[in-house]
Trainee: 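Before we start, here is the structure in question, set down as structure tokens.
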Amino acid sequence: MRYSKAFIYTLKENPSDTTSLSHSLLIRGCYIYQHASGIYNFLPLGFRVLSKIWKIIQEEMDKIGAQELLMPALHTSNLWLKTNRYYTMDNVLFKFKDKKGVDMLLGPTHEEIITDIVAHFVKSYKNLPLLLYQIQVKFRDELRPKGGLIRGREFIMKDLYSFHASLECLDKTYNDVYKAYTNIFERLNLPFEVVEAHSGAIGGDVSHEFMLITPNGEDKFIKCMNCGYTASTEIAKINKPSFSYSYKPIDLKILEEKHLIHTPNTSTIEALVKHLNKTEKDFVKSILYKDNENNFYLVLIRGDKEVNEIKLNKYLGKEVFLADESDFKSNNWVLGYIGPVNLNNRHKIKIIADYSIVNLKDIIVGANKKDYHFINLSFENLEVNEFADISVATDNDECFRCSGKYKVYQALELGHIFKLGTKYSEALQAYFMDENNKLKPIIMGCYGIGVSRLVSAIVEAYSLENSITWTFNSAPYKIHIITINTDDKIQFEKSLNLYNELISKGIEVLWDDRKESAGVKFKDWELLGIPFLVVIGNKIKDNMVELKFNPNFYKTLKNEIFEKIANYQNLSVEYNQIALIVNDIIEFLNKNINLK
RNA sequence: CGGGGUGUAGCUCAGCUUGGUUUAGAGCGCGUGCCUUGGGAGCACGAGGUCCGCGGUUCAAAUCCGCGCACCCCGACCA
């Protein structure tokens, strides 16, 4: 492509409404253009990058025997009513009526549709396993879109679904996909961690997320510094401390005389910390939950920690919700000052303590009296019914496997794989006949990659403030040529020849043939992020040109691979050799990055 | 959905507090010409505006008031 004809309009300044690196650079480099909140155009450059990622995913899907299809993005409500997700996913669904008044929605994911297809055609174990996937636009009316392509309301996803006659078969495919995802991210040179994850609205028991560590991500996971265990903070288990608890009640009179203190307007931990000049860890928070049958649960947790409702629900075996003001009123509990000592209507509440309060001494809790707290209590003075692991894992929590310390990482979710089981096949009656003539629900798995999100993930992974760094396989062009002075006949003609020669070798080239000053061209090269640059300037008179690498390109490659080409960066080479050298570098990288 | 912020040229922003010398501006970008060509050059001329929208106050509104809308950020939520 000749730059003078290309649809590239770069910006010198950061757009005013971007905060993340990838969002800003993708707009400045003319890769994307915003249509509305969370909705973006992929401009020609951006679409080239997207297409490259797209193709690699297709290749790896093909390798594990998955067949590509294309489902509609426009759905009627009927299948969604059968799984009840018409209501349970309501917060992200784009819903509307067609002209006949039929309830319609834009597909946020395709479990319903694919299961319906498979239910229609597949009747026998002889047709299983079956792997079907598509790469398609998805619609989710996110409450808060974020960071450009990082979280959009319209985005492109690869969704693969697998169908099996047995759990063993599902396990095998799950592992195949795990490997395929590893290949995809390695070919894109995207660093990632695989973490155990929560399956959320999709459902199922086992799931793993593929995460890129980056401050602009929107998820957190923990990693054990000792054994390497990784898990989303949504589910990460924490080691049970060794302790013995025997309830030691304090006489009411002593309690009032020695432990009760006046703490006006301190219904939050933050206010208390200030008022009493203590740290968060000196408090035990009491949080009231209730279930659908109006049973109450008071959860105790150390002041600096947070309740993990996913773990709490799992522990209780049912879904619980924060109690509201009316619950407090009708039971004579004091909102903001509820606590596990001297509590009214005690028989109505089960008190569950997180392990984080174990062995605490000299702690402060709500006194069940407006504007009062108890101080100087030990954890054995609290009326605990049960101890459990129900907190969100944080730095320095102990690993439940090896007692090592956890570290928390901010991360961006690149892919997510799930063992679904029969949730959808039962709801949509996808049954098959097994070899004993028995009718059974098909066992399913589903596996997603945020294809458009990967574009910004790659930018997040390596880029500098004014310079994108594409990885070898994601770059829109492999080679960028700058002709310093296009009015110079020799420079221009030699550039044109090189450009044509590289193209004839099948190499993707962007040739900056504009009548711009050298500085403009160098800055644009850096911004656009193409890995290799050939500069043709004055020295062409001596038959010499230069080869440069994108400033961060070395970071995208494993050391041993980069070492093989490192000698070529910032090198003056003879014009006659440059095409050969470029070709060698590209062939070498092609071979070594796409090995598997 | 709660909290905060922003909205003036293609982009980044000034002007708004205290309404009227601003005939709505600057830099960048864009067009033409000259000049220049190894790190976002220079000079000259030029094009480009629903000051987010609607309503109100006023002799007079980009500026003050009200109601909307859009976008961004934090939180909540979320493959």
Side-chain angles (χ1 to χ4, degrees), chain A residues 8-20 23-24 27-28 30 33-40 85 88-93 107-111 138-148 150-153 155-161 197-204 207-211 216-219 232 234 306 309-310 322 412-418 420 446-453 466-467 482-488 491-492 512-527 533 535-540 544-546 548 551 570 572:
Chain A
I8 304 173
Y9 305 92
T10 58
L11 297 174
K12 284 184 185 175
E13 287 170 294
N14 277 325
S16 62
D17 51 7
T18 63
T19 49
S20 74
H23 191 190
S24 160
I27 289 173
R28 286 180 57 196
C30 205
Y33 172 64
Q34 184 171 27
H35 169 74
S37 180
I39 306 175
Y40 287 84
R85 290 210 294 182
T88 58
M89 284 187 80
D90 186 60
N91 53 348
V92 293
L93 292 183
T109 176
H110 281 70
E111 283 80 12
K138 301 282 188 245
F139 301 90
R140 293 186 192 174
D141 197 0
E142 296 284 353
L143 298 176
R144 191 152 91 80
K146 197 183 160 186
I150 286 176
R151 178 161 55 167
R153 296 193 295 166
F155 59 99
I156 294 169
M157 174 160 129
K158 185 283 302 175
D159 44 330
L160 163 68
Y161 306 90
H198 177 58
S199 48
I202 295 285
S207 91
H208 287 87
E209 288 172 325
F210 290 73
M211 306 289 246
N216 285 320
E218 45 176 12
D219 289 299
S232 157
E234 289 179 328
E306 277 175 57
E309 292 181 6
I310 291 165
L322 277 178
L412 180 63
E413 182 183 344
L414 306 174
H416 199 161
I417 59 180
F418 305 78
L420 285 176
C446 76
Y447 319 86
I449 290 181
V451 184
S452 46
R453 178 183 276 182
N466 292 306
S467 167
I482 287 180
T483 306
I484 298 288
N485 184 356
T486 46
D487 289 335
D488 181 305
Q491 287 185 34
F492 186 86
D512 196 339
D513 60 339
R514 293 174 300 169
K515 294 190 177 200
E516 293 284 352
S517 71
V520 171
K521 295 179 187 174
F522 281 113
K523 292 287 185 192
D524 276 336
W525 167 61
E526 277 159 14
L527 176 59
L533 172 67
V535 185
I536 298 185
N538 257 331
K539 295 174 209 151
I540 195 69
M544 299 298 282
V545 300
E546 279 158 55
K548 287 177 185 287
N570 302 322
S572 261

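Below, all heavy atoms of this structure are taken into account, side chains as well, without hydrogens, waters or symmetry copies. Here is how names work: the chains are called A, B, and so on, in the same order as the sequence lines, proteins then strands, and each is numbered from 1.
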Trainee: If I take atom NZ from residue A:K523 and atom CG from residue A:N466, how far apart are they, to the nearest 0.5 angstrom?
Mentor: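 Spacing of NZ (A:K523) from CG (A:N466) equals 7.0 Å.
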Trainee: Among B:A79, B:A76, B:U12, find the nucleotide with the atom closest to the side chain of A:L143.
Mentor: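 Given the options B:A79, B:A76, B:U12, the side chain of A:L143 is closest to B:A76.
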Trainee: Mind checking the C1' distance from B:A9 to B:C51? Whole angstroms is fine.
Mentor: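 Those two atoms are separated by 10 Å.
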Trainee: Report yes or no: do A:H23 and A:K146 form a side-chain donor-acceptor pair below 3.5 Å?
Mentor: no
Trainee: Could you tell me how far apart A:D90 (CG) and B:C77 (P) are, to the nearest whole angstrom?
Mentor: 17 Å
Trainee: Whole angstrom is fine here: how far is it from CG in A:L412 over to P in B:C78?
Mentor: 18 Å
Trainee: Roughly, in whole Å, what's the span from CD1 in A:I27 to P in B:G29?
Mentor: 20 Å
Trainee: From CD of A:Q34 over to P of B:A70, roughly how many Å is that when rounded to an integer?
Mentor: 13 Å
Trainee: When rounded to the nearest Å, what value does the distance between C1' atoms of B:G29 and B:A47 take?
Mentor: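 Nearest-Å result for B:G29 against B:A47 at atom C1': 13 Å.
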Trainee: Mind checking the P distance from B:G49 to B:G68? Whole angstroms is fine.
Mentor: 31 Å
Trainee: Once you round it to whole Å, what is the distance between P of B:C74 and CD of A:E218?
Mentor: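 Between P of B:C74 and CD of A:E218: 10 Å.
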Trainee: Could you measure between the two P atoms, the one in B:U58 and the one in B:C72, and give it in whole Å?
Mentor: 38 Å
Trainee: Starting at CG of A:D90, measure out to CG of A:D141 and round the result to the nearest 0.5 Å.
Mentor: 10.0 Å
Trainee: Between B:C72, B:A79, B:C73, spot the one nearest the side chain of A:M157, thanks.
Mentor: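 Given the options B:C72, B:A79, B:C73, the side chain of A:M157 is closest to B:A79.
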Trainee: Donor-acceptor pair under 3.5 Å: do we get one between A:R144's side chain and the base of B:C78?
Mentor: no
Trainee: Based on Watson-Crick and G-U pairs with both distances under 3.5 Å, what dot-bracket line describes RNA chain B 5' to 3', crossing pairs as [ ] and inter-strand pairs as |?
Mentor: (((((((..((((......[....)))).(((((.......))))).....(((((..]....))))))))))))....
Trainee: Can you measure A:R153 atom CZ to B:A79 atom P for me and round it to whole angstrom units?
Mentor: 18 Å
Trainee: Could you pull out the protein-nucleic contacts involving nucleotides 38-49 of chain B (nitrogen or oxygen on both sides, under 3.5 Å)?
Mentor:
{"residue": "B:G38", "atom": "N1", "partner": "A:E546", "partner atom": "OE2", "Å": "2.7"}
{"residue": "B:G38", "atom": "N2", "partner": "A:E546", "partner atom": "OE1", "Å": "2.6"}
{"residue": "B:G38", "atom": "N2", "partner": "A:E546", "partner atom": "OE2", "Å": "3.3"}
{"residue": "B:G39", "atom": "O4'", "partner": "A:G519", "partner atom": "N", "Å": "3.4"}
{"residue": "B:G39", "atom": "N1", "partner": "A:E526", "partner atom": "OE2", "Å": "3.0"}
{"residue": "B:G39", "atom": "N2", "partner": "A:E526", "partner atom": "OE1", "Å": "2.7"}
{"residue": "B:G39", "atom": "N2", "partner": "A:E526", "partner atom": "OE2", "Å": "2.7"}
{"residue": "B:G40", "atom": "O2'", "partner": "A:K12", "partner atom": "NZ", "Å": "3.2"}
{"residue": "B:G40", "atom": "N2", "partner": "A:D524", "partner atom": "OD1", "Å": "3.4"}
{"residue": "B:A41", "atom": "OP2", "partner": "A:S517", "partner atom": "OG", "Å": "3.0"}

Trainee: For A:A36 and for A:E306, find the nucleotide of RNA chain B with the closest heavy atom, then tell me which residue's nucleotide is more 5'.
Mentor: A:A36
Trainee: Between B:A26 and B:G75, how far apart are the two P atoms, rounded to whole Å?
Mentor: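 After rounding to an integer number of Å, I get 40 Å for this pair.
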